Amino acid sequence: RSAGGDIQGVAGVVQDITGRKSIEESLKRADQQAMELILARERVGALTEFINTISHDFKTPLAIINNSLYLLQRINDPVKQKDKLSLIKSQTLLLDKQIHDILTISRLEYAPQMVSHPVNINISLGKIADLFQPSFENKDQTLHLTLQADLPNVLADADELDRAFVNLVENAINYTPVGGI
């Protein structure tokens with residue numbers, strides 16, 4: 001500045017930080033890749049544990065079915081044969097449920113956006129009750145379905161809602177004793 005305070009010149013320092021910025025960006029990318037690798041390893045570990053668990057869960061019912069078939073071929077008593085057939089059927093239903101659960105998990109992982117529409121729950125439950133009526137009869141169970149006529153529609157994905165109801169009904173059949181209500 002001059003004696004009168006006017007600016008006479010400017011001094012400055014310029015430093016090229018291109019290299020430092022490049023290194024910082026490389027470090028950020030490396031951190032991101034490291035995080036992605038950690039997540040991928042965790043997914044693989046979880047998947048491996050899931051496969052080991054589900055393999056065990058499949059082997060148990062299959063062993064029961066195979067043993068029951070073996071005994072069924074050697075038993076001449078109709079009552080014992082009926083018991084073995086019932087055991088085979090229940091284990092088959094268990095395997096079917098486990099497979100449905102796996103498929104549900106798979107759909108959830110890669111599920112597209114669900115589209116909701118008005119759904120009449122009375123109609124949905126009525127269809128499911130009709131579908132499972134033979135299963136209830138096979139276990140000498142009674143299904144009481146009390147519907148309300150003035151029940152409003154719900155906004156839902158009809159297929160997913162039906163899957164949820166089917167799962168509940170299957171559980172009710174499987175875990176209600178013979179002759180139950």
Side-chain angles (χ1 to χ4, degrees), residues 42-181:
E42 286 181 8
R43 284 186 186 135
V44 168
L47 182 59
T48 301
E49 183 179 334
F50 173 75
I51 290 171
N52 288 336
T53 301
I54 201 67
S55 295
H56 179 268
D57 289 349
F58 281 172
K59 285 181 181 180
T60 301
L62 286 173
I64 293 171
I65 290 169
N66 283 332
N67 289 336
S68 295
L69 286 171
Y70 174 82
L71 293 173
L72 189 61
Q73 293 171 344
R74 284 154 181 71
I75 296 174
N76 292 328
D77 182 5
V79 173
K80 289 182 179 179
Q81 286 178 336
K82 186 176 179 181
D83 289 343
K84 293 299 173 194
L85 286 172
S86 176
L87 183 59
I88 291 170
K89 185 172 185 171
S90 71
Q91 294 302 306
T92 304
L93 289 172
L94 177 62
L95 285 171
D96 185 57
K97 180 191 178 314
Q98 290 171 339
I99 289 169
H100 283 290
D101 289 347
I102 291 170
L103 293 174
T104 299
I105 291 169
S106 173
R107 279 193 302 275
L108 291 176
E109 182 71 22
Y110 300 102
Q113 185 67 26
M114 284 195 261
V115 179
S116 298
H117 300 286
V119 177
N120 184 317
I121 292 180
N122 288 338
I123 292 173
S124 181
L125 288 174
K127 288 179 184 176
I128 291 169
D130 291 343
L131 177 70
F132 281 98
Q133 190 58 41
S135 297
F136 283 108
E137 290 172 2
N138 285 341
K139 285 192 73 179
D140 195 28
Q141 296 171 335
T142 304
L143 169 66
H144 291 287
L145 185 61
T146 305
L147 304 174
Q148 295 178 348
D150 59 344
L151 193 63
N153 288 344
V154 295
L155 198 58
D157 181 304
D159 292 334
E160 292 300 320
L161 187 62
D162 283 349
R163 274 190 201 91
F165 287 147
V166 163
N167 197 6
L168 289 170
V169 172
E170 285 176 340
N171 285 342
I173 292 168
N174 291 332
Y175 297 107
T176 300
V178 173
I181 296 175

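From a predicted model like this one, the values you see are computed outputs, not experimental measurements.
Residues passing the side-chain contact (heavy atoms from CB on, under 4.5 Å) test with Asn153 are Pro118, Asn120, sequence neighbours excluded. Annotation: salt bridge (charged side-chain N to carboxylate O under 4.0 Å, His left out) contacts of Lys97 (sequence neighbours excluded): Asp101. By the side chain to side chain donor-acceptor pair (under 3.5 Å) test, Asp96 pairs with His100, sequence neighbours left out. Listed by chain and number, the residues in a side-chain contact (heavy atoms from CB on, under 4.5 Å) with Glu49 are Thr53 (sequence neighbours excluded). The side-chain contact (heavy atoms from CB on, under 4.5 Å) test applied to Thr142 returns His144, Ile181, not counting sequence neighbours. Under the rule for a side-chain contact (heavy atoms from CB on, under 4.5 Å), the partners of His117 that lie at least two apart in sequence or sit in another chain are Val115.
Across Pro177 and Gln141, no two heavy atoms sit closer than the pair O-NE2, 3.6 Å. Listed here is the closest heavy atom pair of Pro61 and Gln98: CG-OE1, 4.5 Å. Val119 approaches Ala156 most closely through the heavy-atom pair CG2-O, 3.7 Å.
Taking CZ from Phe58 and CD1 from Ile99, the interatomic distance works out to 5.0 Å, rounded to the nearest 0.5 Å. Separation of atoms CD1 (Ile64) and NZ (Lys59) is listed at 14.5 Å; rounding is to 0.5 Å.
At least one side-chain heavy atom of Ile65 sits less than 4.5 Å from a side-chain heavy atom of Leu95.
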Atom pairs and distances, donor-acceptor, side-chain atoms in residues 69-82, under 3.5 Å, two or more places apart:
unit_1: Tyr70; atom_1: OH; unit_2: Arg74; atom_2: NE; d: 3.3
unit_1: Arg74; atom_1: NH1; unit_2: Tyr70; atom_2: O; d: 3.3
unit_1: Asp77; atom_1: OD1; unit_2: Val79; atom_2: N; d: 3.2
unit_1: Gln81; atom_1: NE2; unit_2: Ile75; atom_2: O; d: 2.7

Check: residues 121-133 side-chain donor-acceptor pairs under 3.5 Å, at least two apart:
unit_1: Asn122; atom_1: ND2; unit_2: Gln148; atom_2: O; d: 2.7
unit_1: Ser124; atom_1: OG; unit_2: Asp162; atom_2: OD1; d: 2.3

Identify all side-chain donor-acceptor contacts of residues 87-94 below 3.5 Å with residues at least two apart in sequence or on another chain.
unit_1: Ser90; atom_1: OG; unit_2: Leu87; atom_2: O; d: 2.9
unit_1: Thr92; atom_1: OG1; unit_2: Ile88; atom_2: O; d: 2.8

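Judged by distance alone, the side chain of Asn174 and the main-chain N or O of Glu170 form a donor-acceptor pair under 3.5 Å.
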